[in-house]
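Let me begin by presenting the structure, written as structure tokens, before commenting on it.
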Protein chains: 2
Amino acid sequence: MREILDIQKQLLPDLVDTMKKRYTILHHIMISGLVGRRTLALSVGTTERVLRAEVDFLKEQGLIEVEASGMRISGAGRELLERLEPVVKDLFGLTELEERIRSHFGLKQVIIVPGDSDVSPHTKKELGRAGASVLRKLVGEDETIAVTGGSTMAEVAYHLTPATPMKGCWFVPARGGLGESVELQANTIASTMAKKAGARYRLLHVPDHLGEEAYQSLMQDSHIAEIIAFIRGARIVVHGIGEAMVMARRRKVDPETTESLRHDGALAEALGYYFDRDGNILHKMPTIGLRIEDIHNMDHVIGIAGGKSKGASIASVLKHGHEDVLVTDEAAALEVVNRLLS
Amino acid sequence: MREILDIQKQLLPDLVDTMKKRYTILHHIMISGLVGRRTLALSVGTTERVLRAEVDFLKEQGLIEVEASGMRISGAGRELLERLEPVVKDLFGLTELEERIRSHFGLKQVIIVPGDSDVSPHTKKELGRAGASVLRKLVGEDETIAVTGGSTMAEVAYHLTPATPMKGCWFVPARGGLGESVELQANTIASTMAKKAGARYRLLHVPDHLGEEAYQSLMQDSHIAEIIAFIRGARIVVHGIGEAMVMARRRKVDPETTESLRHDGALAEALGYYFDRDGNILHKMPTIGLRIEDIHNMDHVIGIAGGKSKGASIASVLKHGHEDVLVTDEAAALEVVNRLLS
DNA sequence: GCTTTGTTGGACTTTTTTTGTCCCAGTGCT
DNA sequence: AGCACTGGGACAAAAAAAGTCCAACAAAGC
């Protein structure tokens, strides 16, 4: 069922909205028994005029009966409502989840795709598609977009398509070498995205595991300094979110640091920073690029991650509070919400 | 899947149309490879301007890529098209069936609901709902609607709901006593419909199995004559279609007539008339009301019947050629089409 | 290299649809 | 009878869609 809904959403994006609106109205009418237009408009939160149009439609469809004394649900309407119940629950369950997470963390937007990326590769694809779609909607003209690495980001890159305003954009890696494998590095992702979107890109080539001394000398280099300034001028950043210990292992962080992270209860990793369950920064990878304070001033900070196992990490990063948009999947979202309750 | 589509159709009637339109465009683009707006508009049969709006939409959705040299399908578009295939096949399969039957018999409209009424009671309900919906769309103000009896018609009656233009309408039985059981008699159906629709009704009380003499004297009666004139003034008739032998048995037609019907190859029954496989009238039940010549002059003749077993009967009545609108189900429609081929 | 025929996308007007606003004539309850 | 509701008609304002024309560009043929 979700399959078909998902297809329809691409062909008719405001399908769910319309369905929700009409369902809500019909539901209210059923609950109320006999109700008038103005009262109803008030309780569903629309103006009287647009509700009137909807009511006319419902009447036309024979779903409600309208008399001089008010309107009531018809037999067909009641039946439809019953059949609609599971669909709506499924459909708006996610919408409700989105709204709940959005308001709790004060985000601009939350998008949840159905499924669990841990289990189904298809869900991970959907996550990528949703991420690409969000990005497409947010970019303006001639903007710089900073991206991180990771398998989820790779999926986003894959689903990116050329869009008019993207032509003049630049894709850049958010941070330098973090020890990822080549195909998941920020540099690779940035260039893939640019190619997919028909945009341009600039890369930041720095070696992994930088010592303090090397770091300083690198920053002196005018080329590097220039590209870093360029990166910091980005107004949009898209980043993945990882589990702290998983990321530490994958990036071959040295044993002492790993132990210290474990000891401090590191839960999440994003943009080279490690966070504990309250969203505090525990550690920063020794590399260059966007700093957390750069992030705070950005127009759009988009976090993308899914899978039940990442729920806790996502919650932790959201607590830190620099996110604007979250794209995740159902399983992770449920985990996040569970954490709110406890 | 059909369940959800069916629900959606009630909440968003032009959903299928829009989906079809966009699918067609996308499909054309894929087929063509690289194609321009005007060429495309020509081949999908729209004006350039509305196609432009659609193209803008598809571009927005990232389903196509548009360059100065034309537009082509994107990866996402290709994928969507693939996923859409089964849906479309299912969805437009019926639409194609409808069109095929419509054009072959020169009807105004054909509506096919999915399923087989013989097997699934749910399909029969859908048939009723579709019939009611068609009727609701065709009635004008203060019109007279003649209806027949039968279980399908009872279902139509059940699904009828009050609609504004119906308030001033009259429901009347199309023909007098045909030997049906009470709950399936035209009189009962007419009154039920009127009650459901918030309209008025007039009945025609005549005994079953009328002899010639009684028939003549009945026609002399001014009350009867008046109501029959009223019935013949109807501009809309809604009738069921039955299998000849089944109907003959149910209505307890006398053995000789039954045998003669069988001998002549009677296949279908509608409005008290019996038809052979070529649509010729074999026999007319001895009762009063609408005659076949009245039917021919009507604005809207709506035939409603479903179930695989009725396919042959429906085809036979359609061949007679007085129908304007046919409401049936998938199983019956397939039977009808099969008969066209052989 | 030039022409021709296609392409997109911008700009404008006309038409249609949606929305906002008032108001009137009922209905049902007290 | 009075009151607080109801639906629905009417009309203007606003917004969206559609029709129309044209400029700028791309590709293919000559």
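Below, chains carry the letters A, B, ... as their sequence lines are ordered, and counting in each starts from 1.
For the residue pair H27(B) and E85(B), no side-chain donor N or O sits within less than 3.5 Å of a side-chain acceptor on the partner.
Here dT18(C) presents its P atom at 13 Å from CG of D14(A), a figure rounded to the nearest Å. Rounding to whole angstrom units, CD of residue E65(B) and C1' of dG9(C) are separated by 18 Å. Atoms CG (L42(B)) and P (dT5(C)) sit 17 Å apart, rounded to a whole Å. Rounding to whole angstrom units, CZ of residue R72(A) and C1' of dC5(D) are separated by 15 Å. To the nearest angstrom, P of dT7(C) lies 11 Å from CG of L51(B). Remark: C1' of dA26(D) and CE of M71(B) are 15 Å apart, rounded to the nearest angstrom. Spacing between atom CD of E54(A) and atom P of dG7(D) amounts to 15 Å, rounded to whole angstrom units.
Side-chain atoms of K59(B) lie closest to dG9(C) of the nucleotides dG6(C), dT6(D), dG9(C).
Residues T39(B) and S69(A) both approach DNA chain C. Their nearest nucleotides, taken by heavy-atom distance, put T39(B) toward the 5′ side. Comparing A68(A) and D56(B) against DNA chain C, the residue whose closest nucleotide sits nearer the 5' end is D56(B).
Two residues are said to be in side-chain contact when any heavy atoms from C-beta on lie closer than 4.5 Å; I189(A) and M193(A) meet this criterion.
A salt bridge does not link K125(A) to E79(B): none of the charged nitrogens lies less than 4.0 Å from a carboxylate oxygen. Under a 4.0 Å N-O distance rule, the pair E60(A)/R136(B) does not qualify as a salt bridge. Taking a cutoff of 4.0 Å between a charged side-chain nitrogen and a carboxylate oxygen, R83(A) and E126(B) qualify as a salt bridge.
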Take L11(B) and L80(A) through the side chain to side chain contact (heavy atoms under 4.5 Å, CB included) test and state the conclusion after the steps.
CA-CA 9 Å; L11(B) 233 44; L80(A) 177 71; 3.6 Å; yes
Look for any protein N or O under 3.5 Å of an N or O in nucleotides 17-24 of chain D and output each such pair with its distance, or none.
unit_1: dG19(D); atom_1: OP2; unit_2: T47(B); atom_2: OG1; d: 2.6
unit_1: dG19(D); atom_1: N7; unit_2: R49(B); atom_2: NE; d: 3.3
unit_1: dG19(D); atom_1: O6; unit_2: R49(B); atom_2: NE; d: 3.4

